[in-house]
Every structure is written in C-alpha cells, then in structure tokens.
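Below: one structure, written as structure tokens.
Counting convention: from 1, in listed order, for ligands and their atoms alike. Quick caveat: nothing in here was measured; it's all calculated off a predicted structure.
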Amino acid sequence: MKPVKIGFLGFGTVGQGAAIVLARNALEISRRAGREISVKSAVVRDINRTREAGLEGVILTTDPLDVVNDPDIDVVVEVVGGDEPAKTLLLQAIANGKHVVTANKALIARFGNELFEAAREHNVSVAFEAAVAGGIPVIKSIREGLAGNKIQWLAGIINGTSNYILTEMRDKGRDFADVLQEAQDLGYAEADPTFDVEGIDAAHKLTILASIAFGVPLKFDAVYIEGISHITREDTAYAEELGYRIKHLGLAVDTGDGLELRVHPTLIPERRLIANVDGVMNAVLVQADAVGPTLYYGAGAGAEPTGSSIVADIMDAARVASAAVDNRVPHLAFQHDALNDVRVLSSSEFSTSYYLRILVDDKPGVMADISRILGDEDISIEAIIQKEPTADSARVPIILLTRKMVEGAMESAIAKIEALGSVEGTVTRIRVESLG
Ligand code: NDP
Ligand code: HSE
C-alpha cells in the first residue's frame, strides 16, 4: 500500500517530538498501520533555526499553502498553536479533503463545533488526542473504551505546567516565578504561560473532556476558571497539616440538574492516587456507572509524549480514510445529531466543601463571630486549626475546613466574615473535593 504522506503546520516542540517518534519507531508503526507513514513537508516561521528532529527528505517551508494545498499530502498535522492562522489553514486542509490532526486544545475547545461540521461535510476526520493530557490516550479511552457507560463525573490534573509549579513549590519550597521559567525552558508551557497558570489551558481541555463524556456541544465560555497564581506555600503547608494536597483540578460533574464545569485549585485527601500525581504528570479520574472509577495517568506535556498522541491519531486517520463519515467514531463520542445542550450551572450553584484561611486579631470572641456567620448560612465546620501569634504580629491565621454546601451560601458567609472589624484583608478560599 502506498505510504501515508504527512505535512506539518509548525515544527516546534510537539511537531518535532512527533517526527522523532515516527522516525525511531517507523518499523513498529508500519507493522501496526499496515502502511508506511512519511513526512513530506513542514511549515515553520524561521527556516534557519536549528531543529532537533532529523530533516532528511523533509521539505521545510514558510508558506503554509505548500502543505494545505499539496495534493500529495493525506494528513495535515497542526502544531502551530493559537487561533489564526491555524483555524483558517485547517478549514482549508479539510476543504481540500485532508484529514487533520491537531494538538491545539484552544482551537478545538472554541471552534471545534465548526471544524467538525466542516469535516463531516468533506468526509474527513479531525483528531485531537494530543490536545488533552499530552501523551495519555484519554480521549480514546473515554470515547471508545467507556462507550457502554453513563459517565457521572470526571476530575483531572490536566495542566502539566501548573502541576509542575505546585509540586516544586511544595517539595522544594521554590518560588513560583522560577519554576514557571523552568517549565517554559522545558517546553511544557503555552506560548502565553498565563494560559497555564490562570487555568485557561485546563479549561480548554475540560471543555473537550466534558463534551466527550456527556455528549454535549463544546462550551468553553461556560467553564468556571480559577488559576494557581494566588496559591501560597503557606496554604500548601496548612493543607498538608490537614491531610490534603493542593492540586489544580478540572471537574465536570453531571448533577442531574445540569453540569458543573469548573477549573480551580482543589484540596484532595492525600490518600487518593490522584493527589500523588506530581511534576508534569497528568491524570484523569473518570467515574462511570458500569466500570466504576478508572484513572488515566501519564506525561501531560513535552515533545515525545505529545508526539506519541499525534502519531496514534495519524495512524487512526490512515485507517479510517476509506470509511464513510457515519461509520467512524464520532468526533465528540456521541453522534453529532444526538448531542444534548444540557444547562451548565453557575458557580453559586456548585456543591463543594471549602478550605478557608482567615487572618484575625488575636482576641476573644473572634472565632465565635465566624462560627455564628457560618452557622447562619447552614455551613458546618469539619476541622479548625488556630495558630499561635508570633512575636512580630498581633494577628493569627485561622484555618477552617467546611462540609459540603451550595456555593452561594459560602459567598454570602465570606462577605460577612470579611466585613468583621477583627478580620484583616480577604479570606483565602480553596475548594475541597473528596473524589471518593
Ligand atoms: P512551539 O512554539 O514549540 O512550536 C510552534 C511551531 O509553529 C514552530 O515550529 C513555529 O515556527 C511554528 N509557527 C508559529 N507560528 C507560525 C506561523 N504563523 N506560520 C508558520 N509557522 C508558525 O509550540 P508547541 O510545539 O509547544 O505547541 C504547539 C501546539 O501544541 C500548541 O497548540 C500547544 O498548545 C499544543 N500542545 C503543546 C504541548 C507541549 O508540551 N508543548 C503539549 C500538548 C499540546 P519556528 O519553529 O520557526 O518558530
Ligand atoms: N501547556 C500545557 C501543559 C501543554 O502544561 O499542560 C500540554 O497541553
């Protein structure tokens, strides 16, 4: 059979990672795919930059049309990132009848509905395993492996950069900015690293996971997003004292009354496997009715792990090339005309427990005031730590863990606590999930 010809749009960390895997494992790959896979060309900005991947036989160009309009190319791999020119180029490749593979979660989360529609029209596929959790085949697992289940919720550590920062801060006491710079140097971070640390990248990935788990259209704008930039070493230490780890988590929950789609730092009991997923590693825990909980773990970013997902998608594209679009696994797991537009809950409707850190005057009655406010909102306290005052401060932190409640009650309680004369500044609040 004739080889599958690939054209890369972008040949940076991920593009080269995929090319290295394709070259090193060429024999294994063709034994599996039944055909050879060969890289014909790659589009870059700077043609003179030194590349790690061997470029023998690869045409390097700065004109993307050399790839998307080349009739010889079967599969276009988009690893440029960003909205444009990526979106226009993919639509052009699709219109030219090419299958496309992308690692661009921002693009899929925000414009996937449009790309899939175009792909169906032209009888090609859009594959995006690399867009979520780097090297972990979690899309395939949920979309195909769990196809017989009703999925109840999923929770994932789905941004490698944030997990790397939180781990290094906790284990080595390192500074946020230093670790972020290191994650950038290692090729883990997004072109704009605020996407990583402010939770936007994780929200892109959660949008995709929620769609394939629940059969809903992609709804990035409905995701509640909080990043890790306000997490301090102090909170990490108090969390440990209480038997928890702080992780940046994406959660998608089918409550029965609507979906909770949320991304935020979260205290998780340290005995949970997912609480021990450290560094750039990612993990996604899926709770489904037939199989129960399943956990998918592996490298969440980096050249070859992400390249591994890209290569698997290229092989799938090569295999399905001859199948009619209705005979392929649907892009979002459910048939495109069977997607349900389920309501997404607002943050005040979320149900969760809380960690609160409150800086108070060290005087009698303060704790009683706080307890009364929480009691008035029907919020039960599960644990309290009250620290001794230090020699240089008259204020002490009180750390509280609450039971589960509707978040609107907590918002109201926090406003009242912050208004107390004995409380300094704002209350630090981090959600707590048992993931049991
Ligand atoms: P890089 O910055 O390493 O690579 C981007 C590539 O695109 C470079 O080769 C660059 O050219 C080229 N490029 C950028 N803009 C243009 C343009 N306008 N025209 C032509 N070429 C262009 O990014 P990554 O490989 O890290 O990321 C690529 C995608 O993969 C992103 O969507 C990212 O979110 C996603 N991703 C990244 C992961 C990672 O671990 N890094 C993991 C999972 C997904 P040049 O080399 O000349 O600069
Ligand atoms: N910047 C992303 C991360 C890359 O750190 O997880 C993988 O999607």
Side-chain angles (χ1 to χ4, degrees), residues 7-20 41-53 55 58 60-68 77-90 101-110 128-136 138-139 156-167 179-180 182-206 208-209 227-228 248 250 263 277 279-284 298-310 313:
F8 278 95
L9 297 174
F11 209 56
T13 304
V14 178
Q16 292 184 81
I20 289 168
S41 46
V43 182
V44 292
R45 264 178 312 209
D46 176 2
I47 219 156
N48 297 315
R49 219 179 99 188
T50 314
R51 312 267 159 194
E52 275 174 43
L55 288 167
V58 179
L60 219 52
T61 169
T62 54
D63 185 357
L65 299 182
D66 288 346
V67 167
V68 296
V77 178
E78 186 275 306
V79 277
V80 169
D83 291 356
E84 290 294 353
K87 182 181 163 209
T88 303
L89 293 172
L90 283 191
V101 171
T102 179
N104 191 337
K105 49 269 165 147
L107 197 67
I108 294 293
R110 291 165 57 242
F128 49 93
E129 182 69 67
V132 179
I136 310 175
V138 67
I139 304 252
I157 294 173
I158 45 181
N159 183 268
T161 302
S162 297
N163 203 40
Y164 189 70
I165 293 171
L166 288 176
T167 306
V179 193
L180 173 58
E182 189 176 294
Q184 288 180 276
D185 295 343
L186 289 166
Y188 302 153
E190 294 303 298
D192 175 356
T194 56
F195 274 47
D196 296 290
V197 297
E198 296 305 342
I200 301 157
D201 177 73
H204 289 143
K205 294 165 177 166
L206 186 78
I208 299 170
L209 287 174
I228 59 161
H248 190 249
V263 163
V277 170
V280 74
M281 302 310 265
N282 279 193
V284 180
E304 288 199 26
T306 314
S308 158
S309 290
I310 296 271
D313 273 353

*How far is atom 3 (O) of ligand 1 from its nearest protein heavy atom, and which residue and atom is that?*
Thr13 N, 2.9 Å
*asked:* Contact between Tyr164 and Leu186 at the side-chain level, heavy atoms closer than 4.5 Å - yes or no?
replied: yes
*Nearest heavy atom to atom 47 (O) of ligand 1: which of Val67, Asp201, Asp46, Ile310 does it belong to?*
Asp46
*asked:* Please find the pair of heavy atoms, one from Ile136 and one from Gly298, that lie closest to each other, and give the distance.
replied: CD1-N, 3.3 Å
*Taking distance alone, with no angle check, do Ala303 and ligand 1 share an N/O pair under 3.5 Å?*
no
_What I want to find out is whether Lys105 reaches Glu190 closely enough, with some N-O distance under 4.0 Å, to be called a salt bridge._
yes
*Selected option - heavy-atom contact closest to atom 30 (O) of ligand 1, from Ala103, Ala106, Gly12, Gly300*: Ala103
*Please state whether Pro64 comes within less than 4.0 angstrom of ligand 1, counting heavy atoms only.*
no
*Check each atom of ligand 1 against the heavy atoms of Ala301 and keep those under 4.0 Å away; list them by number with element.*
40 (O)
*Could you tell me whether the side chain of Asn104 reaches within less than 4.5 Å of the side chain of His204, counting heavy atoms only?*
no
_Numbered atoms and elements of ligand 1 in range of Val79, under 4.0 angstrom, heavy atoms_ = 5 (C), 6 (C), 7 (O), 28 (C)
*When you measure from atom 15 (N) of ligand 1 to every protein heavy atom, which one gives the shortest distance, and what is it?*
Val80 CG1, 3.6 Å
*Which heavy atom of Val68 sits nearest a heavy atom of Leu89, and at what distance?*
CG1-O, 3.5 Å
*Closest protein heavy atom (residue, atom, distance) for atom 40 (O) of ligand 1*: Gly302 N, 2.7 Å
*Relative to ligand 1, is Thr306 under 4.0 angstrom through side chain, backbone, both or neither, heavy atoms considered?*
side chain
*Heavy atoms, side chains only, cut-off 4.5 Å: are Val79 and Leu9 in contact?*
no
_Quiz question: by atom type and distance under 3.5 Å, do the side chains of Thr88 and Glu84 form a donor-acceptor pair?_
yes
*Proximal atoms of ligand 1 relative to Gly81 (non-hydrogen, under 4.0 Å)*: 31 (C), 32 (O)
*Could you name the protein residues that come within less than 4.0 Å of ligand 2, counting only heavy atoms, and order them by chain and residue number?*
Lys105, Asn159, Gly160, Thr161, Tyr188, Ala189, Glu190, Asp196, Asp201, Lys205, Gly300, Ala301
*Kindly give the heavy-atom pair with the smallest separation between Thr306 and Ala130, and that separation in Å.*
CG2-CB, 3.7 Å
_Nearest protein heavy atom under 4.0 Å from atom 32 (O) of ligand 1, yes or no_ = yes
*Less than 4.0 Å between atom 23 (O) of ligand 1 and some protein heavy atom, yes or no?*
no
_Reported CG-to-CZ distance for the pair Asp83 and Arg110, which is rounded to 0.5 angstrom_ = 4.0 Å
*So which protein heavy atom does atom 12 (C) of ligand 1 come closest to, and at what separation?*
Gly10 CA, 3.8 Å
*Closer than 4.0 angstrom: is that true for some heavy atom of Gly187 and an atom of ligand 1?*
yes
_Rounded to the nearest 0.5 Å, what separates atom OG in Ser162 from atom CD1 in Ile228?_
4.0 Å
*Taking C-beta and beyond as the side chain, do Ile20 and Glu304 meet within less than 4.5 Å on heavy atoms?*
yes
*Answer with yes or no whether Ala130 contacts ligand 1, where contact means a heavy atom under 4.0 Å from a ligand atom.*
yes
*So do the side chains of Leu206 and Ile158 get within less than 4.5 Å of each other, counting heavy atoms only?*
yes
_Less than 3.5 Å apart, any donor N or O on the side chain of Thr102 or Glu78 sitting next to an acceptor on the other?_
yes
*Which of the atoms in ligand 1, numbered in the order shown and given with their element, are less than 4.0 Å from a heavy-atom of Phe11?*
6 (C), 8 (C), 9 (O)
*Taking only heavy atoms of Glu190 into account, list the atoms of ligand 1 that are under 4.0 Å away from them.*
33 (C), 34 (O)
_Check: Pro85 N/O within less than 3.5 Å of ligand 1 N/O_ = no
*What are the two closest heavy atoms between Ala283 and Val277, and how far apart are they?*
CB-CG2, 3.7 Å
*Any N or O of Val14 closer than 3.5 Å to N or O of ligand 1*: yes
_Shortest non-hydrogen separation from His248 to Ala202 and the atoms involved_ = CE1-CB, 3.9 Å
*What protein heavy atom is closest to atom 19 (N) of ligand 1, reported as residue, atom name and distance in Å?*
Arg45 CG, 4.2 Å
*Give, for atom CD1 of Ile108 and atom CZ of Phe128, the distance between the pair rounded to the nearest 0.5 Å.*
5.5 Å
*Answer whether the closest heavy-atom distance between the side chains of Arg45 and Thr62 falls below 4.5 Å.*
no
*What is the minimum heavy-atom distance between Val14 and Ala103, and which atoms define it?*
CG1-CB, 4.3 Å
_Please compare Arg49, Lys105, Glu78 and report which has the shortest non-hydrogen distance to atom 48 (O) of ligand 1._
Arg49
*Check each of Asp63, Val44, Thr62, Thr61 against atom 21 (N) of ligand 1 and report the one with the nearest heavy atom.*
Val44
*Short list, please: which atoms of ligand 1 are under 4.0 Å from a heavy atom of Asn104?*
32 (O)
